Amino acid sequence: MSILGWLFARIPRRWLDAFGAALGGLIWLLGIRRRVVLDNLRLAFPEKTEDERRAIARKTYRNLGQMLPDFVRVPFLPRAEIERMFVYEGWEKFEAARARGNGIIAATGHFGNFDLLAAAHTLKGVPVTMITRQMGKSGANDLWRAIRRRSGVEDLVVTKGSTLAAAVRAIRAGRNLGYVIDQNQQPRHAIFPTFFGVPAATAPTPAVLAMRSGAAVMFVLSVPLGDGRHKVIFEGPIAPGDTGDRDRDVLAFMQDLNDR
């Protein structure tokens, strides 16, 4: 993997994009999770035609293919190149939230190259911890986690019931907690805000953690600009409500994040 990352860091950008697009196209042709993707697009965009949804799906696969070499190569790039990869909207909001000293929960989604966002900013001196659940044994998972670790991203694999404790430890250690909110949860541990208008089993962790720790919640999104750069948008800090009805406040807070 080190050899591959070193090689990707030295290949011209247009070649990497072409390779990634071809990789994504191959995954589409092989039909890997294609039915799931199209079913989800029918839920999210019932007003679109099937051809429009298939076009979105194909572009999604293309984007995923192009994410891989970007992520693999980032530990091997010079600092100046990493700096050029990002433009910011609202960075001053993030810095102001960090200055409060209570920690940051960076809530994001499966949009853009969120793993690149974590890896690159850890290399830039903004240390990121990502909390993930133990997944089935596979070479792909091991590879992805190895790249995270090489970039300095702390990848905490937690078991049921230990997420909050692990998150608090990371925040108290001065790290920035990256939390991908759009992941399906087991119903008995979930709340149900809507996502694209559909009730979605969502983890309440960012809201509960903010209430317990006082950490600032920032909504963060990395938007690919199509030229190898990414626009990073910061919104917040966002604070949970305090109406006296904790369950309602948690649900309203996670609905706000989903809406964003």
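What you see is a predicted model, and the numbers here were worked out from it, not measured in a lab. Both backbone and side-chain heavy atoms feed into the values below; hydrogens, waters and symmetry mates do not. All residue numbers in this chain count up from 1 along the given sequence.
- A distance of 11.0 Å separates CE of Met211 from CG of Leu209, quoted to the nearest 0.5 Å.
- Here Asn63 contributes atom CG and Leu68 contributes atom CG; the two are 12.0 Å apart, rounded to the nearest 0.5 Å.
- The line from CD of Glu92 to CD of Glu95 is 9.5 Å long, rounded to the nearest 0.5 Å.
- Side-chain contact check for Arg100 versus Pro237: some heavy-atom pair is nearer than 4.5 Å.
- Enclosure of atom CZ in Arg212 is not indicated, since only 12 or fewer non-hydrogen atoms of other residues, nucleotides or ligands lie within 6.0 angstrom.
- Panel note: side chain Asn258, backbone Pro193; no donor-acceptor pair is recorded below 3.5 Å.
- Salt bridge absent: Asp39 and Arg35 never bring a charged side-chain N and a carboxylate O closer than 4.0 Å.
- The shortest distance between side-chain heavy atoms of Asp115 and Met130 falls below 4.5 Å.
- Looking at Gln255 and Asp259, their side chains do bring a donor and an acceptor atom within 3.5 Å of each other.
- Between Phe114 and His110, the ring-plane angle classifies as perpendicular under the 30° and 60° cut-offs.
- A side-chain donor-acceptor contact under 3.5 Å links Gln185 to the backbone of Gln183.
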Verify side-chain contact (heavy atoms from CB on, under 4.5 Å) between Ile191 and Met254, making sure each step is shown before the conclusion.
CA-CA 9 Å; Ile191 58 174; Met254 296 309 300; 3.6 Å; yes

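- For the pair Met218 and Ile238, the minimum side-chain heavy-atom distance is 4.5 Å or more.
- The hydrophobic clustering, which links ILVMFWY residues whose side-chain heavy atoms are closer than 4.5 Å, places Ile82 and Phe76 apart.
- Taking each heavy atom of Gly65 and Leu23 in turn, the nearest pair found is O-CD2, 4.2 Å.
- Thr108 places a side-chain N or O within 3.5 Å of a backbone atom of Val220 that can act as its donor or acceptor partner.
- Across all their heavy atoms, Gly214 and Asn102 have their closest contact at O-CB, 3.3 Å.
- Residue Arg260 qualifies as enclosed at atom CZ: its count of foreign heavy atoms under 6.0 Å is above 12.
- Between Arg14 atom CZ and Asp227 atom CG the span is 14.5 Å, to the nearest 0.5 Å.
- When side chains are defined from C-beta on, Arg53 counts as touching Arg42, because their heavy atoms get closer than 4.5 Å.
- By the criterion of side-chain heavy atoms lying less than 4.5 angstrom apart, applied directly or through intervening Ile, Leu, Val, Met, Phe, Trp or Tyr residues, Val180 is not grouped with Val250; the two fall into different hydrophobic clusters.
- Arg79 has a carboxylate O that lies under 4.0 Å from a charged side-chain N of Glu83, or vice versa, which qualifies the two as a salt bridge.
- Side-chain atoms of Asp247 and Leu251, non-hydrogen and from C-beta on, never get closer than 4.5 Å to each other.
- For the atom pair Ser222 OG and Met85 CE, the distance stands at 8.5 Å (nearest 0.5 Å).
- Hydrophobic clustering keeps Val153 apart from Val72 (ILVMFWY residues linked when any side-chain heavy atoms are closer than 4.5 Å, directly or through intermediates).
- Chaining together hydrophobic side chains whose heavy atoms lie under 4.5 Å apart places Val87 alongside Leu225.
- The shortest heavy-atom contact between Pro206 and Leu257 is CB-CD1, 4.5 Å.
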What's the verdict on side-chain contact (heavy atoms from CB on, under 4.5 Å) for Phe192 and Thr202, showing C-alpha distance, side-chain angles and the deciding distance?
CA-CA 6 Å; Phe192 287 86; Thr202 302; over 6 Å; no

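- Residues passing the salt bridge (Lys or Arg N to Asp or Glu O under 4.0 Å) test with Lys48, sequence neighbours excluded: none.
- Hydrophobic clustering (side-chain heavy atoms under 4.5 Å, transitive across Ile, Leu, Val, Met, Phe, Trp, Tyr) keeps Phe253 apart from Ile104.
- For Trp91, the CH2 atom is densely surrounded, since the number of other residues' heavy atoms within 6.0 Å is greater than 12.
- Taking every heavy atom of both residues into account, Asp249 and Gly244 meet most closely at OD2-N, 3.9 Å.
- Here the closest heavy-atom approach between residue Phe234 and residue Gly90 is recorded as CB-O, 3.4 Å.
- A cation-pi geometry, defined here as NZ or CZ lying under 6.0 Å from the six-membered ring centre and within 45° of its normal, does not hold between Arg62 and Trp28.
- Looking at heavy atoms from C-beta onward, Ser151 lies in side-chain contact with Val74 at the 4.5 angstrom threshold.
- Atom CG in Leu30 sits 10.0 Å away from atom OH in Tyr61 (nearest 0.5 Å).
- Aromatic ring pairs are classed by plane angle as parallel below 30°, tilted from 30° to 60° and perpendicular above 60°; the pair His230 and Phe86 is tilted.
- Between the side chain of Asp182 and the main chain of Gly109, no donor-acceptor pair closer than 3.5 Å is present.
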Could you please spell out the steps behind the side-chain contact (heavy atoms from CB on, under 4.5 Å) verdict for Phe94 and Val232?
CA-CA 11 Å; Phe94 177 73; Val232 186; over 6 Å; no

Stepwise side-chain contact (heavy atoms from CB on, under 4.5 Å) test for Val128 and Leu177
CA-CA 6 Å; Val128 175; Leu177 182 67; over 6 Å; no

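- Counting heavy atoms of neighbouring residues, nucleotides and ligands inside a 6.0 Å radius, atom NZ of Lys231 does not exceed 12 of them.
- Using a 4.5 Å cut-off on side-chain heavy atoms (C-beta onward), Leu123 and Leu77 make no contact.
- Placement of Leu117 and Ile181 in two distinct hydrophobic clusters is found when ILVMFWY residues are connected by side-chain heavy-atom separations under 4.5 Å, directly or transitively.
- In this structure, Gly112 and Pro224 approach most closely via the heavy-atom pair CA-CD, 4.0 Å.
- Note: Phe45 and Phe196 meet the aromatic proximity criterion, with ring centroids under 6.0 Å apart.
- Inter-residue side-chain proximity for Met67 and Leu64 is flagged as met; some heavy-atom pair is nearer than 4.5 Å.
- Contact check on Lys93 versus Glu235 returns no salt bridge, with no Lys/Arg side-chain nitrogen under 4.0 Å from an Asp/Glu carboxylate oxygen.
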